Amino acid sequence: MAASSAAERTVIENCAIATVDAGDTEYASGHVVIAGNRIESVGAGRAPEGLENVVRRIDGTGHLVTPGLVNTHHHFYQWITRGLATDHNLFNWLVALYPTWARIDEPMAYAAAQGSLAMMARGGVTTAMDHHYVYPRGSGDLSGAIIRAAHETGVRFTLARGSMDRGESDGGLPPDFAVESLDGALAATEATVKEHHDSSFDAMTQVAVAPCSPFSVSTDLMRQGAELARRLGVRLHTHGSETVEEEKFCHELFGMGPTDYFESTGWLGEDVWMAHCVHMNDSDIAAFARTKTGVAHCPSSNARLAAGIARVPDMLAAGVPVGLGVDGTASNESGELHTELRNALLINRLGAHREAALNARKALRLGTYGGAQVLGRAAETGSLEAGKLADLVLWRMDTLAHSAIADPVTALVFGAAAPVTASFVNGRRIVEDGRLLTVDEDAIARSTRDEAQRLARIAAQA
């Protein structure tokens, strides 16, 4: 739908532009016109003359404009358990932290979501997601609190409503009081979809069905969760093939590897995306490519937990949709996505493809269009094209950190985190000169510290 002629317009000029469209079109000096919540035009040179209702003009000299970054995997609640179990692999890290996570409540979840969202948004993320799967009994409306925080921050948001029904007594890792029953999990997930999911083109909130992982979820929950998602017309998300221990677990319990197990439960398809996918063989990658199952690549978390290096170049060559994920901030304490652009490029160059693994533009595509594709929103966002939603970022590239690098895309990906002069979501400016306009960062810093300390006290007493 074209913008109304009466729509308020923002004009950005004199900037370098990386559109990340199908042809990777770039302009050394160009313009973007925002009309309402849509991109009206993008191109070389100055904006068209005679535009009506121009309420803001931004001189983008010294800046690079890109699509907003898209985060495809996160656990917001972990913001208040950062810096713990720093020398553990995934399995031991989970064992160490589940007893603490099992005691979160609604105020903690809200504060942690605020912290996670604020950190991402001030660093160029315009579309975020949260895979929340810890719902302790009596903890309050955790999903509602997370969605409220996203609305207040102003980012486009997908809540992957997670669940666990395999507690310690059934051989799982989480305490029994932190898991749901099969029927309870399905009912709560369906209620969350019906209350919060918006399927419209410019939706600010969507919901996915997201049982946690084979370690903590029964086969019945996996299978019925997939059936529920498809009946409701929403996407599916879970963890997959993250560690060698998971592969061993699947063979011992199910008699097959993770990918075959997922396929047997209905969990491969173009409406599915999996987090991590580190330990994938050629047949696994071929199955993901055949079914167009997406991948959320989380290089920093994979390194932090010594999980390994995902075969991203091979996935891309096969046609697998791949985006980037921060993952929870208990395994990626920085909590922002620019790090993932850089680390995706650098870490994948340690793999079999070496220097040919990824380049700057492929990394930027992973963090923008690739993420939108994985979330099922590539028709609406992820690239700068007329008619798409106005989700975009102005990165300042003329400071000490970047000014001597001639190519701005190389500077953005290879260099230090670039300052964000402006970030727009749905045509609304949410960041100005590196500060959020929608929420009070200092107040969030205080509340997250307080809630982290309260959780630590409760966990210690337990």
Side-chain angles (χ1 to χ4, degrees), residues 1-70 124-127 154-156 201-202 323 341 360-373 375 377-398 407-413 418-432:
M1 180 185 300
S4 165
S5 60
E8 292 186 343
R9 287 177 170 80
T10 295
V11 176
I12 307 167
E13 296 178 302
N14 306 320
C15 50
I17 300 172
T19 68
V20 199
D21 64 8
D24 271 331
T25 306
E26 297 183 11
Y27 304 102
S29 180
H31 70 271
V32 179
V33 177
I34 299 170
N37 70 344
R38 306 292 180 92
I39 297 171
E40 185 173 60
S41 66
V42 54
R46 303 294 296 271
E49 297 291 335
L51 294 173
E52 299 178 356
N53 302 316
V54 175
V55 297
R56 184 190 297 111
R57 287 186 178 272
I58 298 174
D59 181 0
T61 301
H63 288 75
L64 170 67
V65 177
T66 72
L69 301 182
V70 179
V125 169
T126 57
T127 298
V155 299
R156 207 173 298 284
F201 183 89
D202 56 358
L341 295 178
R361 283 160 177 82
K362 287 182 179 178
L364 179 60
R365 178 170 289 275
L366 290 177
T368 53
Y369 184 85
Q373 188 180 19
L375 295 182
R377 307 210 64 176
E380 302 109 272
T381 190
S383 60
L384 302 180
E385 301 178 70
K388 281 198 165 186
L389 296 169
D391 298 354
L392 55 93
V393 180
L394 280 78
W395 309 91
R396 187 172 177 187
M397 309 306 296
D398 62 356
D407 173 34
V409 176
T410 295
L412 178 69
V413 175
V420 175
T421 292
S423 182
F424 291 86
V425 181
N426 216 41
R428 175 193 184 195
R429 188 167 181 173
I430 67 166
V431 176
E432 181 173 11

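Since the model is a prediction, treat every value here as computed from it, not as a measurement.
Here D24 does not pair with R361 in a salt bridge; the nearest charged N to carboxylate O distance is not below 4.0 Å.
Side-chain contact check for F424 versus I12: some heavy-atom pair is nearer than 4.5 Å. Between H31 and R46, the closest side-chain pair of non-hydrogen atoms is not below 4.5 Å. Within the 4.5 Å cutoff, side-chain heavy atoms of T368 are placed close to those of L69. Contact check for V420 versus W395: side-chain heavy atoms found under the 4.5 Å cut-off. Looking at heavy atoms from C-beta onward, E380 lies out of side-chain contact with R156 at the 4.5 angstrom threshold.
At distances below 3.5 Å, at least one donor-acceptor pair connects side-chain atoms of R377 with backbone N or O atoms of F201. A distance-only check finds no donor-acceptor pair linking the side chain of R365 to the backbone of A360 [under 3.5 Å]. Although no hydrogens or angles enter the test, the distance criterion places a donor-acceptor pair under 3.5 Å between the side chain of T19 and the main chain of T25. Counting only distance, with no hydrogens or angles, the side chain of D391 and the backbone of N426 share a donor-acceptor pair below 3.5 Å.
Screening I58, T10, L394 for a side-chain contact (heavy atoms from CB on, under 4.5 Å) with R429, the sole residue that qualifies is I58.
In this structure, the separation between CG on L341 and CG on L364 is 6.5 Å, given to the nearest 0.5 Å. One finds the CD1 atom of I34 at 12.0 Å from the CD atom of E8 (value rounded to the nearest 0.5 Å). For the atom pair CG (L389) and CG (N37), the distance works out to 5.5 Å, reported to the nearest 0.5 Å. Annotation: the span from L392 atom CG to C15 atom SG amounts to 9.5 Å, rounded to 0.5 Å.
Summarising the geometry of P67 relative to S383, their closest heavy-atom pair is CG-CA, 3.6 Å, with the distance given to 0.1 Å. For the pair V155 and I430, the tightest heavy-atom approach, listed with the atom from each and the gap, is CG1-CD1, 4.1 Å. Contact between M397 and A418 at its shortest, heavy atoms only, is SD-CB, 3.9 Å. Here the shortest heavy-atom pairing between I17 and G43 reads CD1-O, 4.1 Å. The nearest pair of heavy atoms linking G382 to A372 is CA-CB, 3.8 Å. Considering all non-hydrogen atoms of both residues, L384 and V42 come closest at O-CG1, 3.6 Å.
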Pair E13, R57 - check salt bridge (charged side-chain N to carboxylate O under 4.0 Å, His left out), show working.
CA-CA 8 Å; E13 296 178 302; R57 287 186 178 272; 3.7 Å; yes
